[in-house]
Amino acid sequence: MGKDSQASSAMEIDDLKSNSSDQIAPKFSINVLQLLKSAQMQHGLRHGDYTRYRRYCTARLRRLYKSLKFTHGRGKYTRRAITESTVTEVRFLHVVLYTAERAWSHAMEKRQVLDGPNARQRIYLIGRLRKAVKWSTLFAQLCAIKGDSRTSLEAEAYASFMKGSLLFEQDQNWDTALMNFKSARAVYEELAKYGDLESQVLCRERVEELEPSIRYCLHKVGESNLQASELLQIGEMEGPALDLFKAKLEAVMAEARSQQAASMTEFHWLGHRFPISNPKTRVSILKAQELEKDVLGSSANSLPPEKKLGIFDKIFTAYHEARSCIRNDLASAGNSENVKDDLNGLDKAVSAVLGQRTIERNQLLVNNAKSKLTRRRDDKNEKATKPEELVRLYDLLLQNTSDLSDLVSSGRDRKPEEVAFAEDCELKSLAFRAERCFFLGRSYSLAGKRVEAYALYCHARSLAETALQKFQAVNNGDQMIIEELKILYDECRSNSCIEHATGIMEELKAPENLSKKISSINLTGVDKKVEKFLLEKLDVYESAVGESNVKSAPRIEAFPPLFQSIPRNPIVLDLAYNHIDFPSLQHRMRKDKSGFLSRFWG
């Protein structure tokens, strides 16, 4: 009986221990996607700066190791593995997660190398992705044991994404990569149905970011027939998960351009044909011509101005690369005059095309500024355009057309196409001069200078009339510029009449205004007609800031404050002192002793 009671008591003690151990080991919870998204957006990935994000992960890991007292020895490195028994708090899971993020960001940093990673860098890049897969798999295994169900699911999706990214970069096992990406998408689609609103939005965004990689894998497997235009549309999406896909897409497009450039042997410009022998020059020119189709093609009207400006920047980059390749070839051409002439002609042609695209980009900026000129604020709370900004833009256009005309006019044997192009530049320069003069007159009008504004409007009207006559005399004149010149001519005429009438009215009212100002002058120097400050009229709903297009200081409070009279102690002047005769005190003063002995005894 005693033995049975002892055995039963021991079993009860063991049950109590097991229950207490179950109570002591709670499940950890990490919102993996929200944590990573916040860290990425705050530390560089908002602008695609993977170097900054990698440094943040390194610093974060250092702080975690130090706070957990999980350092790897002093002096000599002693590796300490993180296992199931090691994870006693949630920060150990953070260590594994940020280690994977550090390896992934290091790989993406190598992917952003100019002209792409070379063979050695690519080997290192794939090694870092393998490291990221290793740590993300460990993170998923630990979360399956130590984490709750949602944390375990997010960790599995994260590990699947890393495995798919590695296979995607290796250009092999597209079936396995597709399976991993689909697994991650399925998890995020399920998680998007639960949780708070912010988590649901993040999961839906991640699903959209994974979709292009899945479509590309289907294309590689052969289950989907994607066109090149569809791939480019997918590549225009934003997100950290898409950066690897964009790099892969750019590499594919570069390979396609190099194959297409093999058949491109000449560059045609204004009746000239210049041979292109350098493959890099061909690829750069071909890339610029493909981008020009997006800006100058039929679908250009549907693009927003910001996107067009981004495409123009890419065009400029491509043409500058072509020019640098041409000039390198010129430096190594030697004494061959024919080769030098061809390269100089090609350099001139590429520079002229670059000048044309610069003018088109600045005209886009002018149109964008004109659309904001008549309104005070737009939907994005941007400031209204001032006429001075348009004057500056037209100065740039005049400089661009002058440089382009000088470039085309240079040379001995000029073809008819070059002569016609130079004349077209001169006509555009005349139209730009008329526009610049008009907006300069508007700036003077806003400043209240009626005489100067009237003279500028009249001069702008004469310039617009001359330019309009010359454009209409040309057979194939630009109809858009002709319509703009007609509108400009009418606006110059109406504005000059308005300025003339306003100037006469102000001149007639000048004596009256002068008498009012003289009558309001007082000796104290304080103007009684000055508008009150904001603190003096709080009961009235009036703006104290003023109009956005008028340069006037806001009247909120007088600063510095005005001097005020204050009482002070009276000043006493003793005026009777100079009129009093005081009695003599000579008899009471000590007399000086004189003599030889008095010098010694005083």
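As the structure is a prediction and not an experimental result, all values here were calculated from the model. If you read the sequence from its start, that first residue is 1, and numbering goes on from there.
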* side-chain contact (heavy atoms from CB on, under 4.5 Å) assessment of E266 paired with H268 -> CA-CA 6 Å; E266 292 180 340; H268 301 271; 3.7 Å; yes
Is the shortest heavy-atom distance from the side chain of [X] to the side chain of [Y] under 4.5 Å?
X: K163; Y: L167; result: no
X: L35; Y: Y98; result: yes
X: R323; Y: L354; result: yes
X: D329; Y: L346; result: no
X: N278; Y: I326; result: no
X: K307; Y: P304; result: yes
X: K131; Y: R102; result: no
X: E483; Y: M480; result: no

* **Set of residues satisfying ring-ring contact (aromatic ring centres under 6.0 Å, His included) with respect to F92, sequence neighbours excluded** =>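 So F92 forms a ring-ring contact (aromatic ring centres under 6.0 Å, His included) with F70.
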* For H94, what residues pass the ring-ring contact (aromatic ring centres under 6.0 Å, His included) criterion, not counting sequence neighbours? ->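 H94: no ring-ring contact (aromatic ring centres under 6.0 Å, His included) contacts found.
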* Q121: partners by side chain to side chain donor-acceptor pair (under 3.5 Å), with sequence neighbours left out ->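 Side chain to side chain donor-acceptor pair (under 3.5 Å) list for Q121, sorted by chain: empty.
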Might you point out which heavy atoms bring [X] and [Y] nearest each other, and give the distance in Å?
X: A369; Y: L390; value: CB-CD2, 3.8 Å
X: V90; Y: S29; value: CG2-O, 4.4 Å
X: C143; Y: S152; value: O-CB, 3.9 Å
X: I285; Y: A322; value: CG1-CB, 3.9 Å
X: A103; Y: A132; value: CB-N, 3.7 Å
X: C57; Y: E101; value: SG-CB, 4.0 Å

Separation between [atom1] of [X] and [atom2] of [Y], rounded to the nearest 0.5 Å:
X: E109; Y: W104; atom1: CD; atom2: CH2; answer: 12.0 Å
X: R392; Y: D395; atom1: CZ; atom2: CG; answer: 9.0 Å
X: E484; Y: E435; atom1: CD; atom2: CD; answer: 6.5 Å
X: F181; Y: W174; atom1: CZ; atom2: CH2; answer: 8.5 Å
X: E89; Y: S67; atom1: CD; atom2: OG; answer: 7.5 Å
X: N118; Y: L125; atom1: CG; atom2: CG; answer: 11.0 Å

* To do: Evaluate the criterion side-chain hydrogen bond (donor to acceptor under 3.5 Å, both in side chains) for residue pair T86 and T83; output intermediate values, then yes/no.
  => CA-CA 5 Å; T86 310; T83 59; 3.0 Å; yes
* Asked: So L142 and F28, side-chain contact (heavy atoms from CB on, under 4.5 Å) or not? Walk me through it.
  -> CA-CA 10 Å; L142 293 175; F28 300 122; over 6 Å; no
If the threshold is 4.0 Å, N to carboxylate O, is there a salt bridge linking [X] and [Y]?
X: E169; Y: R111; value: yes
X: K386; Y: E388; value: no
X: R150; Y: E154; value: yes

* Given the rule in the side-chain contact (heavy atoms from CB on, under 4.5 Å) test, do L33 and Y188 qualify, once you have shown the distances and angles that lead to the verdict? -> CA-CA 10 Å; L33 186 58; Y188 286 123; 3.9 Å; yes
Verify, without hydrogens or angle tests, whether [X] (side chain) and [Y] (backbone) share a donor-acceptor contact under 3.5 angstrom.
X: T99; Y: V95; answer: yes
X: T137; Y: V133; answer: yes
X: D196; Y: S199; answer: yes
X: Q112; Y: G48; answer: yes
X: S332; Y: N328; answer: yes
X: S38; Y: Q34; answer: no

* Asked: side-chain hydrogen bond (donor to acceptor under 3.5 Å, both in side chains) between D148 and T151: does it pass, once the steps are laid out?
  -> CA-CA 5 Å; D148 56 10; T151 304; 2.5 Å; yes
* side chain to side chain donor-acceptor pair (under 3.5 Å) contacts in which one or both residues fall within residues 357-366, not counting sequence neighbours ->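 Pairs touching residues 357-366 that pass the test: E292-R357, R357-E360, N362-N400.
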* Asked: On the ring face of F161, is R206 found with NZ or CZ under 6.0 Å from the centre and within 45° of the axis?
  ->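 So R206 does make the cation-pi contact.
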* Crowded around R46 CZ? As in, over 12 foreign heavy atoms under 6.0 Å? ->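 Open.
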* Asked: How would you list, by chain and number, every residue that makes a salt bridge (charged side-chain N to carboxylate O under 4.0 Å, His left out) with E389, sequence neighbours excluded?
  ->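 None.
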* To do: Give the ring-plane orientation class for Y394 versus F439, where under 30° counts as parallel, over 60° as perpendicular and anything between as tilted.
  =>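 Y394 vs F439 ring planes: parallel.
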* Can you list every salt bridge (Lys or Arg N to Asp or Glu O under 4.0 Å) pair that touches residues 55-68, not counting sequence neighbours? ->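 Every candidate salt bridge (Lys or Arg N to Asp or Glu O under 4.0 Å) pair involving residues 55-68 fails, so no pair, neighbours aside, qualifies.
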* **Between Y124 and H106, ring centroids under 6.0 Å** =>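 Yes.
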* To do: Would you sort out whether F274 and V350 count as a side-chain contact (heavy atoms from CB on, under 4.5 Å), showing the intermediate values?
  => CA-CA 10 Å; F274 301 106; V350 171; over 6 Å; no
